[in-house]
Amino acid sequence: MICSYNAATIRECEKRLVGEGPKGRLMELAAHGAATVILREMRKRRDGRASGARILMLVGSGDNGGDALHAGAILARRGLSVVAIASSKRVHERGAEVFVQAGGQLLSAVDDGPGDLISIEDIAEMARRVDGIVDGIVGIGSRGPLTGHAAGLVMTLRVEAGLGAPMRHRRPNRPTVFAIDLPSGIGVDDGSVDGPVLPADITITLGAHKSSALFPPASLLFGRVELVDIGLKAPLWELGREPVARRLEAEDALDLWPLPRREDHKYTRGVLGVVAGSETYPGAAVLTTSAAVRAGVGMVRYLGPPAAVERVLSRRPEVVPGGGRVDAWALGPGVAAEADDQIERMRRGLDWARSQRVPAVLDAGAFACMPEGRLDPWIVLTPHAGELATLLSDRDIPTERSDVEKAPVRYAQLAAELLGGTVLLKGPATVVAGQCESVYVQADGTPWLATAGTGDVLTGLIGVLLAGTGSSAVISPEVPVQLAALAALVHGQAAERASGHQQEGGRTLGPMGAPISAMDVVDALPATVAALLARRAGHGAGAGIMGR
């Protein structure tokens, strides 16, 4: 599990270490870790030889720039050609001294700065010809977007050097962009992006993950994150600071997925009731029930109009039409506003879930059935940004879709506070907030996942986890938050597998993969779950800590 912390906590831990160790030790560790990552990536890029690689560094006046300059000195001693461009009139004094002594060239983008002045046009031309660019302009001490020369420098590189998009979207042979600790100009604690930012291919984060590494939209600019150990684990433990946000990783599925036992039968494996689809959108019923079946629930009961029932049974003969006892409900995918019978079925299902303490996941059409009061923690809502804006506006908090997209974590937390329940906000990064302190942010999957019907698949998958986990889902408010995050993880990895990113026994289809449909994601679910749980081999069987 990845845990992220705010800047104040990181600074408090760093202060402890500075007081306990020799002067400059933290910067030395940071620089060595950053140089190690850059050297490794240059070897990959240049057929095993880092020597001779050309590196352009953008450095500011603070410790972040000092880290970059010290790392640049190490690279220069290893035979790389390193040029540092100062974005301000002063830079870290000791870092600059060590850098120049090692053979690095220090230039300045501002008048009266350190080193010879270089024009913005020459910087852009240089950026087109280097192997790597290191962003060391500002670190966690910064507040607000970049301004002045730093902003102009980043804007020029984004536009003139074609670095305004993540690695896989750029021209061939473009330089690899490294960010020291975090991309300069983002909201360090809230993940906001209010000005120019140079998207990183690799972020070399120091000591611990920062809030913005998980909080969208800034998190989408981090690229791959490499964590460098500078000794923060001990002070984090001693201070007892809780993470601001968490992200589940593949290994966490071992403890969270409801595993079958030898004595189980279809009823003890979990029964999921589904009210989805309508005469207008019968396909949603097929996708939701198919996801539930393929993800391994014990039984699916489907309630819907005759045409949708016929469509579901033609694709999934395992589904049982009609009502009965259920362990969880999946309500709302594809239920049109005029589908009165389906809306009534949803109302009854939600009423049952609330009165009998049965978990439920609500999507799309089910939002029309929202009660006046607050929902219980075991009721999971899965809106996208537009739907969340509507839900908040209906509760007298005027909200636009663009507001939610600019600050998804804040609005997901606001919705959980106002509406109750557990809120899974869909988007490029999925945010899960509930009735506990923890916020989970998952950024799994591929851009090809943004296609019609994949939200229906996610609803079915959440329903499987709620049904299979049984009464544990209503005992602690943390559990439905974790299960929703797990569903987002599996959903994203299934999309990656379907798209060709994770083909086994053959070639992959490149960094972008291939287009996929919602049913492709459904079909990839069994292999995805099997791959996640295969790591359990040798550890014995059982129901897992979240099992019945």
Side-chain angles (χ1 to χ4, degrees), residues 24 27 30-31 34-35 38 53-76 80-164 174-188 193-200 221:
M27 188 166 287
I38 295 169
R54 297 160 297 177
I55 303 295
L56 176 64
M57 292 190 152
L58 314 175
V59 299
S61 60
D63 287 347
N64 193 262
D67 294 336
L69 287 167
H70 278 280
I74 297 171
L75 298 177
L80 282 71
S81 175
V82 189
V83 177
I85 308 292
S87 63
S88 59
K89 290 187 177 183
R90 64 180 182 86
V91 295
H92 190 276
E93 186 174 348
R94 179 57 181 162
E97 181 183 345
V98 170
F99 177 73
V100 173
Q101 288 175 351
Q105 184 181 11
L106 180 59
L107 303 174
S108 179
V110 300
D111 292 325
D112 300 324
D116 294 334
L117 183 67
I118 182 173
S119 70
I120 198 76
E121 293 80 13
D122 287 342
I123 295 173
E125 179 59 31
M126 188 183 298
R128 296 186 189 100
R129 295 183 283 106
V130 298
D131 299 294
I133 296 176
V134 178
D135 172 7
I137 300 174
V138 296
I140 63 172
S142 66
R143 291 293 179 269
L146 294 177
T147 58
H149 289 92
L153 183 57
V154 167
M155 282 297 296
T156 297
L157 294 181
R158 284 175 58 93
V159 177
E160 300 298 331
L163 299 178
R174 80 288 170 279
T176 302
V177 177
F178 302 89
I180 301 295
D181 216 16
L182 41 75
S184 297
I186 63 171
V188 176
V193 180
D194 296 323
V197 177
L198 193 62
L221 303 174

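FYI, side chains are in, hydrogens and waters are out, and symmetry mates aren't considered; it's all heavy atoms of this structure. For this chain, numbers begin at 1 and follow the sequence in order.
With contacts defined as side-chain heavy-atom distances shorter than 4.5 Å, the pair Val91/Phe99 does not qualify. Annotation: side chain of Leu163 is in contact with side chain of Pro175 (closest heavy-atom distance under 4.5 Å). The side-chain heavy atoms of Val134 and Ile38, taken from C-beta on, include a pair separated by under 4.5 Å. You'll find the side chain of Val193 reaches within 4.5 Å of the side chain of Leu221, heavy atoms only. The shortest side-chain heavy-atom distance between Asp116 and Gln105 does not fall under the 4.5 Å cut-off. Thr176 has its side chain out of reach of Asp131: every pair of non-hydrogen atoms, C-beta onward, lies at least 4.5 Å apart. Val177 places none of its side-chain heavy atoms less than 4.5 Å from the side chain of Pro199. No side-chain heavy atom of Val197 sits less than 4.5 Å from a side-chain heavy atom of Val154.
Residue Leu153 comes nearest to Ser87 through the heavy atom pair CD2-CB, 4.3 Å, listed as atom of the first residue, atom of the second, then distance. Summarising the geometry of Gly115 relative to Ser108, their closest heavy-atom pair is O-CB, 4.1 Å, with the distance given to 0.1 Å. When all heavy atoms are compared, the tightest approach of Val138 to Gly185 is CG2-N, 3.9 Å. Across Pro114 and Leu106, no two heavy atoms sit closer than the pair CB-CD2, 3.8 Å. The nearest pair of heavy atoms linking Leu75 to Val82 is CB-CG2, 3.9 Å.
Annotation: the span from Asp181 atom CG to Ser142 atom OG amounts to 10.0 Å, rounded to 0.5 Å. In this structure, CG on Leu157 lies 7.5 Å from CD1 on Ile123, to the nearest 0.5 angstrom. With rounding to the nearest 0.5 angstrom, the CD atom of Glu125 is 13.0 Å from the OG1 atom of Thr156. Rounding to the nearest 0.5 Å places CD of Glu121 at 12.5 Å from CE of Met126.
Within a 6.0 Å radius of CD in Glu97, other residues, nucleotides and ligands contribute more than 12 heavy atoms. Surrounding CZ of Arg90 are at most 12 heavy atoms belonging to other residues, nucleotides or ligands under 6.0 Å away.
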Using atom types as modelled, flag every donor-acceptor pair under 3.5 Å from a side chain in residues 57-69 to any protein atom, sequence neighbours excluded.
residue, atom, partner, partner atom, Å
Asn64, ND2, Ile180, O, 2.9

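For Val98, the side chain to side chain contact (heavy atoms under 4.5 Å, CB included) partners at least two apart in sequence or on another chain are His70, Ala73, Arg77, Arg94.
Checked by atom type and distance alone, the side chain of Arg54 never pairs as donor or acceptor with a backbone atom of Leu80 at under 3.5 Å.
Applying the side chain to side chain contact (heavy atoms under 4.5 Å, CB included) test between Leu198 and each of Ile133, Leu146, Ile137 identifies Ile133 as the sole match.
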